[in-house]
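Worksheet: one structure, shown below.
Lettering follows sequence order; numbering is per chain, from 1.
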Protein chains: 2
Amino acid sequence: MNSQARGPVKRIADSTVRRLSLYLSFLEELNGSGTATVSSDVLARLGGTTSAQVRKDLSFFGSFGKRGLGYSVLELTASLRDILGLGRQWKVCVVGAGKIGVALARYPGFTYKGFNIVAVYDTDIQKIGSQWDALTVRDVARLPEDAIPEGFDIGVIAVPAEAAQGVADLLVASGITAIMNFAPVQIAVPADVIVRTVNMALEFEGLSFALANRAK
Amino acid sequence: MNSQARGPVKRIADSTVRRLSLYLSFLEELNGSGTATVSSDVLARLGGTTSAQVRKDLSFFGSFGKRGLGYSVLELTASLRDILGLGRQWKVCVVGAGKIGVALARYPGFTYKGFNIVAVYDTDIQKIGSQWDALTVRDVARLPEDAIPEGFDIGVIAVPAEAAQGVADLLVASGITAIMNFAPVQIAVPADVIVRTVNMALEFEGLSFALANRAK
DNA sequence: TTATGTGAACGCATTCACAGCC
DNA sequence: GGCTGTGAATGCGTTCACATAA
């Protein structure tokens with residue numbers, strides 16, 4: 001098989017996808033510093049893993065390197081962007097015009113990576129109509145009628161835990177099939193809807209566990 | 001072996017710790033609704049896993065249930081809080097008085113879970129001295145001299161990517177051995193320092209991958 | 001010689017299945 | 001009878017080791 005094969009044949013592990021994202025960020029940095037070529041060994045060191053792991057991760061998607069030489073930084077960057085679906089723009093709508101939404105919108109490289117926040121919704125009558133950078137906060141009741149014409153790809157849940165499931169139901173009913181959930185609860189959705197939950201409480205509790213159980 | 005054993009004998013998988021945190025959140029909700037007893041099966045359904053998984057997760061730390069009956073919600077809550085190191089208060093200092101720091105400080109249940117933000121630092125002369133809820137933003141240069149007397153347990157990195165490694169070095173030099181990193185870069189620290197990185201870009205790229213590669 | 005690509009071996013997390021106790 | 005606790009079996013991600021190509 002020669003380079004540029006695409007489309008995973010078997011299911012790809014989450015851990016692999018996370019590492020691919022990491023490799024991409026390193027490649028973009030290397031690009032900036034004018035490096036033309038990298039080896040799996042260098043990428044491994046940057047990512048805290050092994051060269052075999054790097055090569056295996058890439059091998060699921062094709063052959064991108066040259067034996068004896070390594071990988072072209074430019075080409076591998078392009079391949080990874082393609083693999084991760086970053087070759088296109090995703091339209092993101094955010095429900096909940098609070099702190100998390102603001103942090104997201106201003107997150108460095110967010111738009112750059114192809115995630116465009118095109119709409120913001122809230123239930124709070126105080127917030128509806130207010131400006132939010134270039135966007136006007138809309139009434140969440142309008143979400144179902146907006147979703148199709150505006151072509152939202154991803155819905156972000158940035159509301160308190162109690163409201164999260166209701167928002168998820170609304171997103172699903174509006175035809176949105178990919179959800180990023182920042183509320184600290186599990187949400188239930190149909191099998192064909194993709195959900196990822198980022199739960200800061202879990203992260204801190206993991207740190208707490210490590211602290212409490214470390215060898216003194 | 002009877003109930004209340006403690007201290008993991010073997011290394012515990014990250015995935016296990018995450019699930020324990022999840023179970024705890026369910027238990028707290030059950031507590032609120034006055035439920036006295038749960039089975040591993042109920043916890044499994046809430047967490048999207050299997051009853052065997054729940055029992056196995058708990059078994060690493062002891063025997064907490066009654067055969068034929070299930071688990072006392074109250075007792076298991078207490079045990080999990082203990083296991084996760086949430087029985088005590090952790091003193092947290094945040095470096096970077098930006099959006100993420102604000103989101104953190106106002107995150108529901110953050111203080112409740114035992115994480116107390118006791119200091120905030122920044123390099124920006126504009127921000128130093130300003131009020132940040134009950135706290136005054138301090139000059140990051142003061143961090144090393146504050147760390148020991150104020151007893152910081154955890155340092156939070158909430159600065160841009162470029163500044164993250166420098167802050168990490170400063171935290172380590174100040175004697176802080178547990179770091180929560182919100183900057184979208186890997187940071188290097190000595191082996192005895194615990195680091196957890198929360199990288200929102202990675203989460204979104206994972207969603208993008210799932211979207212791009214899902215069966216149409 | 002150097003570094004990739006990959007089948008095979010390995011180790012660990014998950015699942016199974018059932019003995020043990022309420 | 002119901003549900004826990006756990007050794008054993010399974011499955012899967014990681015690591016190894018080497019054939020392959022520049």
Side-chain angles (χ1 to χ4, degrees), chain A residues 1-6 8-23 27 30 35-73 75-76 79-80 83 206 209, chain B residues 1-6 8-23 27 30 35-73 75-76 79-80 83 206 209:
Chain A
M1 186 199 293
N2 216 339
S3 69
Q4 223 93 331
R6 268 308 317 285
V9 182
K10 25 176 315 179
R11 219 191 134 277
I12 302 298
D14 265 24
S15 49
T16 295
V17 178
R18 297 184 73 84
R19 283 192 300 268
L20 292 176
S21 288
L22 265 184
Y23 304 154
L27 287 164
L30 289 169
T35 312
T37 297
V38 259
S39 64
S40 55
D41 192 56
V42 169
L43 287 177
R45 256 190 266 276
L46 291 169
T49 180
T50 65
S51 62
Q53 180 76 78
V54 173
R55 296 197 300 277
K56 179 65 88 178
D57 287 339
L58 295 175
S59 77
F60 293 128
F61 301 93
S63 304
F64 305 99
K66 286 193 175 48
R67 293 170 196 243
L69 252 173
Y71 303 88
S72 152
V73 172
E75 285 175 22
L76 190 54
S79 298
L80 285 182
I83 289 166
F209 175 82
Chain B
M1 187 200 292
N2 217 340
S3 70
Q4 225 93 330
R6 265 311 315 285
V9 182
K10 25 178 313 179
R11 220 193 134 273
I12 303 298
D14 265 24
S15 50
T16 295
V17 178
R18 297 184 73 83
R19 283 192 300 269
L20 292 177
S21 288
L22 265 184
Y23 305 154
L27 287 165
L30 290 169
T35 313
T37 296
V38 260
S39 64
S40 56
D41 193 56
V42 168
L43 287 176
R45 256 190 265 277
L46 291 169
T49 182
T50 65
S51 61
Q53 180 75 81
V54 173
R55 296 197 299 277
K56 179 65 87 176
D57 287 338
L58 295 175
S59 77
F60 294 128
F61 301 92
S63 304
F64 306 99
K66 284 193 176 50
R67 293 169 196 243
L69 252 173
Y71 303 89
S72 152
V73 171
E75 285 175 22
L76 189 54
S79 297
L80 285 182
I83 289 167
F209 176 82

>> Between P on C:dT14 and CG on B:L58, what's the gap in Å once rounded to a whole number?
In response: 13 Å
> Nearest-Å distance, CZ (A:F61) to P (C:dG5)?
Replying inline: 14 Å
> So, is B:S40 near the phosphate of D:dT4, with a side-chain N or O under 4.0 Å from OP1 or OP2?
Replying inline: yes
> Between C:dA13 atom P and A:D14 atom CG, what is the distance in whole Å?
Replying inline: 16 Å
> Between B:Y23 and B:L43, which heavy-atom pair has the shortest distance, and what is it?
Replying inline: O-CD2, 4.4 Å
>> Whole angstroms only, please: what is the CG-C1' distance between A:L76 and C:dT4?
In response: 12 Å
>> Does A:S51 reach a base, just sugar-phosphate, or nothing at all? Heavy atoms under 4.0 Å.
In response: nothing
> With the sugar-phosphate defined as primed atoms, P, OP1 and OP2, and the base as all remaining atoms, what B/S/- string results for nucleotides 15-22 of chain C, 5' to 3', for protein heavy atoms under 4.0 Å?
Replying inline: BBB-BBBB
>> Between A:D41 and A:R45 (salt bridge meaning N to carboxylate O under 4.0 Å), is one present in this structure?
In response: yes
>> Check this one for me: any side-chain N or O of A:Y71 less than 4.0 Å away from OP1 or OP2 of C:dT2?
In response: no
>> In the structure I gave you, are the side-chain heavy atoms of A:L46 and A:V38 within less than 4.5 Å of one another anywhere?
In response: no
>> Rounding to an integer number of Å, can you tell me how far B:D57 CG sits from C:dC12 P?
In response: 17 Å
> Which nucleotide in the set C:dA13, D:dT14, C:dT4 lies at the smallest distance from any side-chain heavy atom of A:T16?
Replying inline: D:dT14
>> Is any side-chain heavy atom of B:T49 closer than 4.5 Å to one of B:L22?
In response: no
> C:dA13 C1' sits how many Å from B:L20 CG, rounded?
Replying inline: 14 Å
> Does D:dT14 have OP1 or OP2 sitting under 4.0 Å from an N or O in the side chain of A:R19?
Replying inline: yes
> Heavy-atom distance under 4.5 Å between the side chains of A:L58 and A:L20, does that happen here?
Replying inline: yes
> Could you state the OH-C1' distance from A:Y23 to C:dT4, rounded to the nearest angstrom?
Replying inline: 14 Å
> Whole Å only: how far is the CZ atom of A:F60 from the P atom of C:dT6?
Replying inline: 11 Å
>> Could you tell me if the side chain of A:L80 sits less than 4.5 Å from the side chain of A:F64, heavy atoms only?
In response: no
>> Taking the side chain as everything from C-beta on, heavy atoms only, tell me whether A:Y71 gets closer than 4.5 Å to A:L27.
In response: no
>> Is the phosphate of D:dT4 approached by B:S59 (side-chain N or O, under 4.0 Å from OP1 or OP2)?
In response: no
